[in-house]
Colleague: 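Would you mind keeping the following structure in view while I ask a few things?
A, B, ... follow the sequence lines: proteins, then strands. Residue 1 opens every chain.
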Amino acid sequence: MAGITKSAGSAGLTVDAESLRAQLDLEGGAESDIALPVHRLAQGAGRDPGVLAATLAEGFPPDPAIARVAAHGAYLNFRVDTPRLAAATLAAVLGLGPGYGGGPPTPARACVEHTSANPTGPFHIGRVRNAIIGDTLARVLRVSGVPVTTQYYVDDMGRQATMITWIWSMPRDAWPAPIRATVEGEEVPGEKPDRYRGRPYPAVSAYLKEHAEAREAVAALVRAIETGQAPAEHHALAQQILDGMLSSLARLHIHFDEFVWESRFVADGSVDRVLDRLRAAPHAMREENGALAIDAAGHGLPKESTRVVVQRGDGTSLYVTRDIAYHLEKFARFDRVIDVLGQDHQLHARTLAALLEEIGEARRPSFVIYQDITVPEGGRMSTRGGSAVWLDQLLEEAVSRARKEVLTRREDLPDSEVDRIAEAVATAAIRYHVVRVAPEKPVVFRWEDALSFEGRSGPFVQYSYARASSVLRKGGADRPPYPFDAALLTDPEEAALVRTLAGFPRAVAYAARTAHVHTIAGYAHELADRFNRFYHAVPVLKSGAERETRIALVAAVRQTLGNALDLLGIAPLERM
RNA sequence: GGGCGCGUAGCUUAGCCUGGAUAGGGCACCGGGUUCCUAACCCGGCGGUCGAGGGUUCAAAUCCCUCCGCGCCCGCCA
């Protein structure tokens, strides 16, 4: 940087280092590691860009970090000094270990709320994107130095959960026939509770559409729950189904720090306090039947959704109102509040923000919105339409395929090890497949894509990690120290690998700043890819004087790959 | 109708915030590579009007406008 300003100075230009920095291309191209297009400078000075680039290259003072400067057309290309970069990078990776890529601790506490699926049945693929994005984001923020608490908001207040209680609190012979049919005949002993208890749900939902008296019964139950008169089994049913869903998520290495039950905000009076504030809000209005609404026009909501009802005519609360209470609590405990939401909740998010403004609350959550996972036939995955694929089904299929893959290449492993590897490979494939796409892009669920173990996949990264582990193992270099002489790393593949390694902290910082966690998946693939190329091009254990140094490089790759896998919630494998 | 998002080779995806040099991967397809550290790998090839049109700019996949197509939402559901 200083070199450029100096060179520009001797060429008779004054340049602002700040604006110059913004123009630098840090990724570089085929010819460079760092590039500077000089068009803008040339234009400002009324010079010819090509000539100016050449002049600047000529006048560039020697810099130990820069091996070579050359003008190429209107571009100034810098090649960094590989040994120097390698020395710094290897020292950082090997010195920091699991901490490489992370940031210093920061005091601002964050809450990441994600998943929060209603406890009404098994977890399906349509919901898994939320869980994977949310969990990955929490991991990325944590290593970036942010103290993160993850929360799962359990809706035990709404109609959905109430429908489960309604049906299960009735004696079985009192169930309407079409609903009863869903649990009879194919009842499986020992079936997961989410599956078993969720079985009647689609039928109940359909039944209610046709039967007003059943709808009224459910509404009465909602009122009872609201006033603390919930049937004894209400909470236990929700907990059972939740436990079933959580055991599936646990296989994807997704866990939560806290579970926040929605009913709490009704029970502790905070919803009432929110309603008091809403009643006093500038745009509150009372509907004919006693319902309370807010005219939220002027808060930037789309035209036809400005009248927001916050309390039903029968006095019961609504989801958005309870959500305000929940957010007020989050604001009291955390400095940053992040909600991971499907795009179908987009309007809810904006409504929430509008209502927070209505009651004079200055703070807002930030939202990570992702598009749905759809089925190939079109449309979202639906339990009722029978298009839902359960996460458990996907896991089962993935494990069975992974097992087959392991067995075709490893006959030497004990069964327990095969199982362990198959499970790890299966979850890697699923997590990677879901997280690799930018959240704003829609994803169509296809079995063959979700179960891919090669190319741009989780298992590919795991494989590279296992390969690096194998090299270290065979080289008798399982543990530090890893002495190295960076001056020996002169092969182009080594240089490229070092540059990729050096880019990890930047990749993590970017993901943390933008919540675009899919970029970590891209980085992991890039590093694995570079390592595989290096592996094929350059001998490690069979090399001569470079052996120690290359072993150190492999150790650094293994460490960084491991750190990236950890961010993705994927288990590293020493062998596979 | 309104709001939000998306549209990049046969399929899939990165890049868009912060405009720069021949738009980067993967799958599929074609051709190679294993007496050698794990072939879930590597090398080469094929394949692109970056949805369409206009504008801004020395320079547009990227910024602005219009249009087209697809998805979601517009409940006293969550």
Colleague: List, with names and distances, any nitrogen or oxygen atoms from the protein found under 3.5 Å away from nitrogen or oxygen atoms belonging to nucleotides 26-29 of chain B.
Modeller:
residue : atom : partner  : partner atom : Å
B:rG26  : O2'  : A:Arg456 : N            : 3.4

Colleague: Report the residues that fulfil salt bridge (Lys or Arg N to Asp or Glu O under 4.0 Å) with A:Arg456, sequence neighbours left out, ordered by chain and then residue number.
Modeller: none

Colleague: Which residues pass the side-chain hydrogen bond (donor to acceptor under 3.5 Å, both in side chains) test with A:His348, sequence neighbours left out?
Modeller: A:Asp323

Colleague: Please name all residues satisfying side-chain hydrogen bond (donor to acceptor under 3.5 Å, both in side chains) with A:His525, sequence neighbours left out, ordered by chain then number.
Modeller: none

Colleague: Hey, can you pull the donor-acceptor pairs under 3.5 Å for the side chains in residues 114-122 of chain A, sequence neighbours left out?
Modeller:
residue  : atom : partner  : partner atom : Å
A:Ser116 : OG   : A:Glu113 : OE2          : 2.9
A:Ser116 : OG   : A:His114 : O            : 3.4
A:Ser116 : OG   : A:Tyr153 : N            : 3.0

Colleague: Distances under 3.5 Å only, N/O to N/O: pair up the protein atoms with those of nucleotides 6-10 of chain B.
Modeller:
residue : atom : partner  : partner atom : Å
B:rG7   : OP1  : A:Lys441 : NZ           : 2.2

Colleague: Looking at residues at least two apart in the chain, or sitting in another chain, which of them share a side-chain hydrogen bond (donor to acceptor under 3.5 Å, both in side chains) with A:Arg215?
Modeller: none

Colleague: For A:Gln371, which residues count as a side-chain hydrogen bond (donor to acceptor under 3.5 Å, both in side chains) partner, sequence neighbours excluded?
Modeller: A:Gln343

Colleague: Please name all residues satisfying ring pair (Phe, Tyr, Trp, His ring centres under 6.0 Å) with A:His234, sequence neighbours left out, ordered by chain then number.
Modeller: none

Colleague: Sequence neighbours excluded, which residues qualify as side-chain contact (heavy atoms from CB on, under 4.5 Å) partners of A:His433?
Modeller: A:Arg436, A:Asp449, A:Ala450

Colleague: Return a table of donor-acceptor pairs under 3.5 angstrom between the side chains of residues 471-478 of chain A and protein atoms on other chains or two or more places apart.
Modeller:
residue  : atom : partner  : partner atom : Å
A:Arg473 : NH1  : A:Glu574 : O            : 3.1
A:Asp478 : OD1  : A:Arg473 : N            : 3.4

Colleague: Sugar-phosphate atoms are those with a prime plus P, OP1 and OP2; base atoms are the rest. Using that split, label each nucleotide of nucleotides 32-39 of chain B B, S or - for protein heavy atoms under 4.0 Å, 5' to 3'.
Modeller: -B--SBBS

